[in-house]
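Have a look at the structure below, then the notes.
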Amino acid sequence: MIPAEFEYEVAESAEHAVALLGEHGDDAKLLAGGHSLLPLMRLRLAYPSVLVDVGRIPALNYIRDEGDTIAIGALTRHEGMHFDETLQQGCPIVADVAGEIGDPQVRNCGTIGGSLAHGDPAGDLPSVMVALDAQFVVQGPGGTRTVAARDFFKGVFETDLSAQEMLTEVRVPKLRGAGWSYVKFAHRAQDWATVGVAVIARRSNGASGEVSVALTSMGETPLRARGVEEALAAGRSISEAAERADEGTNPVSDPMGSAEYRRAMSKVLTARALEEALSRR
């Protein structure tokens, strides 16, 4: 289908983009790689009156070592993250997962900022960011603010961004020897995850250490698997902990899998992800 008629503006900076959003009102939308927004426009599920193109702002395309964290500009492409040495060494789960997103066209055009701001609970990067306890920098008319990943996602395609704000930077912690894993099931390589599990296993004095587990496609947002984390902290085995993976979840039933199937799959994939992460620690 052909999208509804819209106006087109090109932003020269983040400040300019925010100003254009304010000028055109709530019906204006940001456009970066376009792989999330344009399909919705073609299906007439989204019909913005104005598209503000932010894809030509070089100042938002970077990956920087910031000491304990790595800063990623919102317009950094997935393919760039996948092959970046700073991420490969400091936070390899982000580099690895970026290389699993979609197909080569999506990875070369899609951006981390667009992927996260889209707020799709079936996206790979949102759950990874929740497991990492990442921080997001948001710019609006009043300046910048920082939002924790766990507070950023509010619902299906709904985030903490207001109509006049844009995500400008993502800050992920360096793992410094922590184990990690992202395991997902999809019917085809380029499909959204039917279920995915992100695990970060940090070292500590405890038997299992500090383990963070986040789930993809198990609710309206990426979810922390608190039952699994509590079980591991209490000294339970991986298999016992994984049995709690579906606690507090609300998966949908769709052509990719029923809610019951997703609940069962979450336990299987959680066990696999935990084994892999703990073996890397």
>> Using side chain to side chain donor-acceptor pair (under 3.5 Å), reason through His16 and Glu9 one step at a time and then give a plain yes or no.
In response: CA-CA 10 Å; His16 187 206; Glu9 299 271 11; 6.0 Å; no
>> Filter on salt bridge (charged side-chain N to carboxylate O under 4.0 Å, His left out), then keep only pairs touching residues 159-180, sequence neighbours left out; what's left?
In response: Arg64-Glu169, Asp65-Lys174, Asp68-Arg176, Arg145-Asp160, Arg145-Glu165, Glu169-Arg171
> What's the verdict on salt bridge (Lys or Arg N to Asp or Glu O under 4.0 Å) for Glu276 and Arg272, showing C-alpha distance, side-chain angles and the deciding distance?
Replying inline: CA-CA 6 Å; Glu276 184 174 47; Arg272 292 178 185 175; over 6 Å; no
> Can you list every pair that meets ring-ring contact (aromatic ring centres under 6.0 Å, His included) and has a residue in residues 98-120, with sequence neighbours left out?
Replying inline: His118-Phe157
> Would Tyr182 and Thr216 count as having a side-chain donor-acceptor pair, cut-off 3.5 Å?
Replying inline: yes
>> Strictly by ring-ring contact (aromatic ring centres under 6.0 Å, His included), give each pair with a member in residues 60-99 just once, sequence neighbours left out.
In response: none
>> Which heavy atom of Ala186 sits nearest to which heavy atom of Ala193, and what is that distance?
In response: CB-CA, 4.4 Å
> Do other residues, nucleotides or ligands put more than 12 heavy atoms under 6.0 Å from the CD atom of Gln88?
Replying inline: yes
> Once you round to the nearest 0.5 Å, how far does CG of Leu132 lie from SG of Cys91?
Replying inline: 4.5 Å
> Salt-bridged, Glu230 to Arg226, with N to O below 4.0 Å?
Replying inline: no
> If you take all heavy atoms of Ala271 and Ile238, which pair is closest and at what distance?
Replying inline: O-CG2, 3.8 Å
>> Can a donor-acceptor pair be found, under 3.5 Å and without considering hydrogens, that links the side chain of Arg281 to the backbone of Gly177?
In response: no
>> With a sphere of 6.0 Å drawn around CD of Glu66, does it hold more than 12 non-hydrogen atoms of other residues, nucleotides or ligands?
In response: yes
> Rounded to the nearest 0.5 Å, how far apart are CH2 of Trp180 and CG of Asp96?
Replying inline: 4.0 Å
> Quick one: does Val138's side chain get under 4.5 Å of Thr144's, heavy atoms only?
Replying inline: no
>> For a 4.5 angstrom cut-off between non-hydrogen side-chain atoms, does Val137 reach Leu167?
In response: no
>> Check this for me, if you would: do Asp254 and Arg262 make a salt bridge, where the nitrogen-to-carboxylate-oxygen distance has to be below 4.0 angstrom?
In response: yes
>> Test of understanding: with salt bridge (Lys or Arg N to Asp or Glu O under 4.0 Å), list the residues that count as partners of Asp27, not counting sequence neighbours.
In response: none
>> Which Ile, Leu, Val, Met, Phe, Trp or Tyr residues join Leu75 in one cluster when any pair of side-chain heavy atoms under 4.5 Å counts as a link?
In response: Val18, Leu20, Leu21, Leu30, Val50, Val52, Val54, Ile57, Leu60, Met166
> What about Trp192 and Met256, same hydrophobic cluster or not, with Ile/Leu/Val/Met/Phe/Trp/Tyr joined at side-chain heavy-atom distances under 4.5 Å?
Replying inline: no
> Do you know which two heavy atoms are closest between Ala32 and Thr111, and how far apart they sit?
Replying inline: CB-OG1, 3.7 Å
> What is the minimum heavy-atom distance between Asp26 and Ala163, and which atoms define it?
Replying inline: OD1-CB, 3.3 Å
>> Val195 vs Lys184, test: side-chain contact (heavy atoms from CB on, under 4.5 Å). Steps then yes/no.
In response: CA-CA 6 Å; Val195 178; Lys184 70 174 178 178; over 6 Å; no
> About how many Å separate CG of Asn61 and OG1 of Thr76, when rounded to the nearest 0.5 Å?
Replying inline: 4.5 Å
> Does the pair Leu161 and Phe152 meet the rule for a side-chain contact (heavy atoms from CB on, under 4.5 Å), with working shown?
Replying inline: CA-CA 8 Å; Leu161 292 171; Phe152 184 76; 3.8 Å; yes
>> For a 4.5 angstrom cut-off between non-hydrogen side-chain atoms, does Asp133 reach Val172?
In response: no
>> Is a donor from one side chain sitting under 3.5 angstrom from an acceptor on the other, for Glu240 and Ser237?
In response: yes
> Does Thr194 reach the side chain of Tyr261, with side-chain heavy atoms less than 4.5 Å apart?
Replying inline: yes
> What are the two closest heavy atoms between Pro251 and Ser217, and how far apart are they?
Replying inline: CB-O, 4.2 Å
>> Hydrophobic clustering (ILVMFWY, side-chain heavy atoms < 4.5 Å, transitive) - are Leu278 and Val197 grouped together?
In response: yes
> Looking at CD1 of Ile70 and OG1 of Thr86, how far apart are the two atoms once the value is rounded to the nearest 0.5 Å?
Replying inline: 6.5 Å
>> Using a 6.0 Å cut-off, check whether atom CD of Glu220 has over 12 heavy atoms from anything other than its own residue.
In response: no
>> Run Ile63 and Met81 through side-chain contact (heavy atoms from CB on, under 4.5 Å) and show every step you take.
In response: CA-CA 8 Å; Ile63 299 173; Met81 293 191 293; 4.1 Å; yes
> Under 3.5 Å, is there a donor-acceptor pair between the side chain of Arg202 and the main chain of Leu175?
Replying inline: no
> Which residues pass the salt bridge (Lys or Arg N to Asp or Glu O under 4.0 Å) test with Glu247, sequence neighbours left out?
Replying inline: Arg244
> Hey, does the side chain of Glu229 reach the backbone of Val213 with a donor-acceptor pair shorter than 3.5 angstrom?
Replying inline: yes
> Given the rule in the side-chain contact (heavy atoms from CB on, under 4.5 Å) test, do Arg224 and Ser212 qualify, once you have shown the distances and angles that lead to the verdict?
Replying inline: CA-CA 7 Å; Arg224 283 287 286 270; Ser212 301; 3.5 Å; yes
>> Do Val147 and Leu125 sit in one hydrophobic cluster, given that two such residues count as connected whenever their side-chain heavy atoms are within less than 4.5 Å of each other, even indirectly?
In response: yes
> Does atom NZ of Lys29 have more than 12 heavy-atom neighbours from other groups under 6.0 Å away?
Replying inline: no
> How many angstroms lie between CE in Met129 and CZ in Phe136, if you round to the nearest 0.5 Å?
Replying inline: 6.0 Å
>> Between Val183 and Val268, is there shared hydrophobic-cluster membership here, with clusters defined by ILVMFWY side-chain heavy atoms closer than 4.5 Å?
In response: no
>> Between Leu232 and Leu274, is there a side-chain heavy-atom distance shorter than 4.5 Å?
In response: yes
>> Can you confirm whether Ile72 sits close enough to Leu87 that some side-chain heavy atom of one is under 4.5 Å from a side-chain heavy atom of the other?
In response: yes
> Should we say atom CZ of Arg150 is surrounded by more than 12 heavy atoms from elsewhere, each under 6.0 Å from it?
Replying inline: no
>> Can you confirm whether Met218 sits close enough to Asn250 that some side-chain heavy atom of one is under 4.5 Å from a side-chain heavy atom of the other?
In response: no
>> Please give me the minimum heavy-atom distance between Pro222 and Pro126, naming the atom from each residue.
In response: CG-CB, 3.8 Å
> From Thr159 OG1 over to Asp151 CG, what is the distance, rounded to the nearest 0.5 angstrom?
Replying inline: 12.0 Å
>> What I'd like to find out is whether the side chain of Asp246 reaches to under 4.5 Å of the side chain of Lys267, using heavy atoms alone.
In response: yes
> So, Thr249 versus Arg263: side-chain donor-acceptor pair below 3.5 Å or not?
Replying inline: yes
